[in-house]
Amino acid sequence: MTQILTMVAQRLALGLLTLFVVSLIIFLGVELLPGDLTQAILGQAATEETVAAFRKELKLDLPPHERYIAWLGGILQGDLGHSLANKRAITELMGVRLWNTLFLAFISAVISIPLALGLGILAALYRNTLYDRMVNIFTLSSISFPEFFVAYILILVLAVQLGWFPSISNIGEELGFWERVYRSILPALTLTLVVVAHMMRMTRAAIINLMASPYIEMANLKGLPRARVIVKHALPNALAPIINVVVINLAYLVVGVVIVEVVFVYPGLGQLLIDAVRTRDIPVVQATGLFFAAAYILLNLTADVLSILTNPRLLHPR
Amino acid sequence: MNIEQELKALASQKGITRRGFMERALALGVTTALATTLADRAFAAPKRGGRFRCGLGHGSTTDSLDPATFENLYMQVVGSAARSNLMEVGQNGDLLPELAEGFDVSDDARTWKFNLRRGVEFHNGKTVDANDVVASINHHRGEDSKSAAKSLLDAIVDMKADGKDAVTITLKEGNADFPFLLSDYHLAILPTSGDTVDWKSGAGTGAYVLESYEPGVRTTFKRNPNYFKTGFGHFDEVELITIADVAARTNALTTGEIDAMDRVDLKTAHLLKRRKGIKIVETSGTQHYTFTMRTDTPPFDNNDVRLALKHAIDREAVLKTILRGHGVLGNDHPIGQSNRYHAGNLPQRAYDPDKAKHHLKKAGAEGLSVDLSAADAAFAGAVDAAVLYKEHAAKAGININVVREPDDGYWANVWMKKPYCAVYWGGRPTEDWMFSTAYSADANWNDSFWKHDRFNELLLTARAELDETKRRGMYEEMQAIVRDDGGVLVPMFANYVMGLSDKIGHGQMAANWSMDGFKCTERWWFV
C-alpha cells in the first residue's frame with residue numbers, strides 16, 4: 001500500500017510540474033496570436049486612444065513576463081483572477097459552466113460505459129457471429145463520422161421528425177434534475193455514439209486475448225458455462241487495459257466536447273474557452289486550460305492506480 | 001408559391017393595411033372566412049402575455065452589461081429590453097422622444113435643452129432625474145473612456161442639469177441631428193449611485209426587468225409593470241439565448257424551441273420559408289459592404305483609377321451570389337434607402353467594362369494590377385465577393401489579385417492599413433453621422449483617407465442647417481460627390497433577414513437595425 005501512496009505522491013508532483021509547463025505554453029501561445037484583447041473587443045471601434053486607454057486599464061501595457069509572473073503569483077494564492085473582458089471573477093465565470101460540463105460528461109458516461117462494456121463482453125462471447133459483426137460495424141461507423149454530423153442526424157431524427165427531444169439544450173439552474181437530463185439527452189447520446197466504439201473494441205480485444213490463456217482453457221475444461229468463464233475468469237484480468245481506455249474516454253468527455261456544445265448550444269466550458277481565445281482573454285484561457293490539463297492528469301493517475309489495484313504485478317515493472 | 005404563402009408575404013409587406021390585405025386576399029380567390037382568419041392573425045391588436053424566446057447569433061462570455069462595451073447584436077437587444085434612451089428611432093425611421101418629453105433648440109443648433117418625462121422610475125425604484133442623464137452620458141466621455149460612443153460626444157463642450165427635469169447640452173458647433181445621436185444604443189440612461197452610474201445591476205427604465213444574465217448563454221427578463229410607454233412591452237417574460245451556430249438556430253426555430261431568430265442562413269432561407277409556421281422577415285437598412293481604397297496611396301490617388309474600379313464590378317451578380325438577392329444594389333455612397341435624405345434620383349452605377357477601360361486610359365494605367373485584401377471577418381462572403389470581382393474586372397483589363405487575410409486582427413492589421421480592402425459598415429441612422437464617422441477629412445475612421453474640400457465644407461454647413469429642403473439639397477450633392485470621387489466602392493446594402501414563428505405579431509418593422517431596431521422585445525407580441 002505504501003508503494004502505491006508513494007507512486008501517487010510522485011505522480012502528483014510530476015503533475016504539478018506538467019501544469020506549470022502547460023500554463024507557460026498556453027500563455028506563450030496566446031501571446032503569439034495577432035492582435036490583443038483590446039483590439040478584439042473594440043473591433044472596428046478601436047481607435048488609437050481607446051485602445052491605449054483600455055490597455056492601460058487592463059495592464060496589458062506591461063511586458064509579458066511581468067504579467068505572467070503576476071498571474072502565477074495569484075494562482076499560487078488560490079486566486080484565478082478576473083476576466084479581462086468583463087471583469088467578472090473567473091471562478092464565478094467557470095463555476096456554472098464547469099458544473100454543466102461535468103454534468104454532461106457524467107450523463108454520457110452513465111450511458112456509454114455500461115453500454116460499451118456490455119456490448120464488448122457480448123461481442124467476445126459471441127465472437128464472429130452476425131451479432132459481433134453488426135455491433136462492430138455500427139460502433140465503428142458512428143465513431144468514423146464527425147461529431148457534428150452525428151449530432152445533426154440525431155437532431156433531424158429525434159428532434160425535428162419525431163419531436164421527442166429538444167434540439168437545443170437550453171438549461172438553467174432553475175431546472176430539476178430530470179428536466180436537465182431530458183434537455184441534455186441529445187448531446188449525451190451524440191457523445192455516447194462517439195466514445196462507445198473505442199471502449200467496446202478494447203473490452204472485446206482484451207477478453208479475446210485472454211481466452212487463449214491456459215487458465216481459461218482449464219475453466220472451459222471444467223465445464224463452466226461460457227458466460228461465467230468470461231465474466232468471472234477473463235474479465236477481472238482484462239480490466240487494466242479496459243480501465244485505461246475508459247478513463248481516456250472520460251477525459252475526452254470532459255475536455256473534448258466543444259463541437260457538441262456548439263451544435264446543441266450547451267453552456268459548457270468549451271464555449272467559454274473558445275470565446276476567451278477569440279478575444280485573447282488570457283486569464284480565462286489560462287484557467288480553463290489549466291483545468292483541462294488537471295483533469296487529464298488526475299484521470300490518468302486514477303487509471304494507473306486502478307490498474308495496479310486490479311493487477312498488483314504492475315507495481316513491479318521488470 | 002401557393003396562395004397561403006403569397007398571402008403571408010403580402011401581410012408582412014411594408015405599409016399594407018388590413019383593408020388592402022382583405023381586398024387582395026379575396027381577389028386571389030380565398031374564402032372570406034380564411035381571409036379574415038389570416039388578417040386577424042396578421043393585423044390583430046397586440047395581445048399581452050407569453051414567454052418570448054429569441055435565439056441570436058451573437059453573444060459571448062466576454063460581454064458585459066456596461067453599455068460602453070456593447071458591440072454585438074445580443075447586447076444591443078439586451079440593452080434595449082432593459083433600458084431606454086433620451087430619444088429613439090421609431091418603427092418608420094422617425095426620431096421620437098423616449099425618456100425626453102421633447103427638446104428646445106437654439107437657432108444655431110448649438111444649444112439643446114431636453115425636457116425629461118416626469119415620474120419615470122428605474123427598475124430599482126429610483127426616479128429618473130437630470131443627474132442620471134448627465135452621468136449616463138458622461139460615462140462615455142472623458143480621457144479614460146474606451147466607449148465607442150466617445151467620438152460621437154466629442155462635440156459636447158458643456159452639459160448640465162437644468163433643475164431636476166431638464167438637461168442643457170452645448171455643442172462646439174451647430175448640429176441639427178444631435179438628438180439622433182442620443183438614440184445611439186450606447187447612450188442608455190442608467191441609474192446613478194453616488195457619482196457613478198450603476199450598470200452592473202442591469203437596472204434601467206426599459207419594458208423588461210433583468211432577471212438573470214449569463215454572458216454568452218442567456219438572459220431572462222420579466223415585464224416591467226411600471227413601463228412608461230403605453231402600447232409596448234407585451235410579453236410577460238423574455239428569454240434571449242445565444243445560439244452561435246446558424247444550423248442550431250434554424251433547428252431551434254423549426255422545432256419550436258425559440259420563437260424568433262436573427263441572421264437566417266441565406267443559402268437555405270428559401271427552404272425555411274416553405275416550412276409551415278415560419279415566416280421570413282427582412283428589412284433593408286443602412287448595413288452595407290464596401291471595397292475601400294486608400295486615396296492617399298498610388299494608384300488609388302488618381303480618381304480615374306477609382307472610377308475604373310467602380311465600373312469594373314458587376315453588382316447585380318455579386319448581390320445575387322453573395323447575398324442571394326437579400327439586399328439592395330449600392331451606388332458607391334454609404335446612404336441607404338431608409339435614410340431620410342437618400343438620393344434616390346442619382347443614377348445607379350452599372351457594370352461597364354468599356355467605361356472602365358476608358359477611365360484606365362485616361363489615367364494612363366492600362367493593364368492595372370492591384371491587390372485586394374479580404375477576409376470573412378470583413379463581412380460574410382467577402383473573399384467570395386472579391387474573387388467574383390476579380391473575374392468581372394478581368395473583362396475590363398484590370399488584374400485584381402485577391403489576398404486572403406486572416407480573420408484574427410483583421411480590423412487592426414488590414415483595415416485602414418492595406419491600400420484596398422473589404423469592409424463592413426453597420427451604417428448610421430443619419431447622413432451627417434455616417435459622413436462624419438468615415439468620410440470627413442478629420443474622421444478617425446476615414447478609411448479611404450479621402451479629403452474633398454467641397455464635401456467637407458458641405459458637411460459643416462448641412463450639419464447646422466435647420467431648413468429641410470436646403471439640407472436635402474446639400475446631402476444629395478454630397479452623395480453624388482462620394483459616388484463620383486470617393487475612395488469607397490459600395491457594391492451592395494445587405495438586408496437584415498430574420499426568421500419568426502408565425503405566432504409572433506409585429507407592426508411595421510424598423511429598418512435602422514436588425515431585430516426591429518433592437519426593440520423586438522417591446523414591439524412584438526404573440527397573436
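Hydrogens, waters and symmetry mates are skipped; everything else that's a heavy atom, side chains included, is used. Keep in mind it's a predicted model, so treat the numbers as computed, not measured.
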- chain A contact via B/Ile243 - side chain, backbone, both or neither, heavy atoms under 4.5 Å: both
- Below 4.5 Å from any heavy atom of chain B, which atoms of A/Tyr152 appear? Answer side chain, backbone, both or neither. side chain
- Query: Tell me, side chain or backbone of B/Asp66 under 4.5 Å from chain A's heavy atoms, or both, or neither?
  - Reply: neither
- Task: Give the member of B/Arg53, B/Arg218, B/Lys150, B/Met416 that has the highest number of heavy-atom pairs under 4.5 Å with chain A.
- Result: B/Arg218
- A/Ile171, part contacting chain B, at a heavy-atom distance under 4.5 Å: backbone
- Query: Is the backbone N or O of B/Arg263 less than 3.5 Å from a side-chain atom of B/Arg249, with the two atoms forming a donor-acceptor pair by type?
  - Reply: yes
- Item | Under 3.5 Å donor-acceptor, B/His58 side chain and B/Thr242 backbone | no
- Check whether NZ of the Lys or CZ of the Arg A/Arg180 lies under 6.0 Å from the centre of the six-membered ring of A/Phe103 and within 45 degrees of that ring's axis. yes
- Task: Sort B/Ala252 into side chain, backbone, both or neither according to what part of it lies under 4.5 angstrom from a heavy atom of chain A.
- Result: both
- Query: With B/Leu253, which of B/Ile278, B/Leu500, B/Asp259 fulfils side-chain contact (heavy atoms from CB on, under 4.5 Å)?
  - Reply: B/Ile278
- Query: Between B/Asn413, B/Val423, B/Val414, which is the residue that forms a side-chain contact (heavy atoms from CB on, under 4.5 Å) with B/Ser373?
  - Reply: B/Val414
- Can you say whether B/Thr220 sits under 4.5 Å from chain A via the side chain, the backbone, both, or neither, judging by heavy atoms? neither
- Message: So for atom NZ, which belongs to B/Lys417, do other residues, nucleotides or ligands contribute more than 12 heavy atoms lying within a distance under 6.0 Å?
- Response: yes
- Message: Please classify the contact between A/Val96 and chain B as side chain, backbone, both or neither, with a heavy-atom cut-off of under 4.5 Å.
- Response: side chain
- Query: Is it the backbone or the side chain of B/Ser60 that comes under 4.5 Å from a heavy atom of chain A, or both, or neither?
  - Reply: both
- Query: Where do B/Asp262 and B/Leu56 come nearest, in terms of heavy atoms and distance?
  - Reply: OD1-CA, 3.3 Å
- Task: Can you tell which part of A/Ile155 gets under 4.5 Å to a heavy atom of chain B, answering side chain, backbone, both or neither?
- Result: side chain
- Query: In terms of heavy-atom pairs under 4.5 Å with chain A, which of B/Ala247, B/Pro215, B/Gly216 leads?
  - Reply: B/Pro215
- Message: Applying side chain to side chain donor-acceptor pair (under 3.5 Å) to A/Ser184 and A/Ser169, what does each step give before you reach the verdict?
- Response: CA-CA 6 Å; A/Ser184 317; A/Ser169 303; 5.3 Å; no
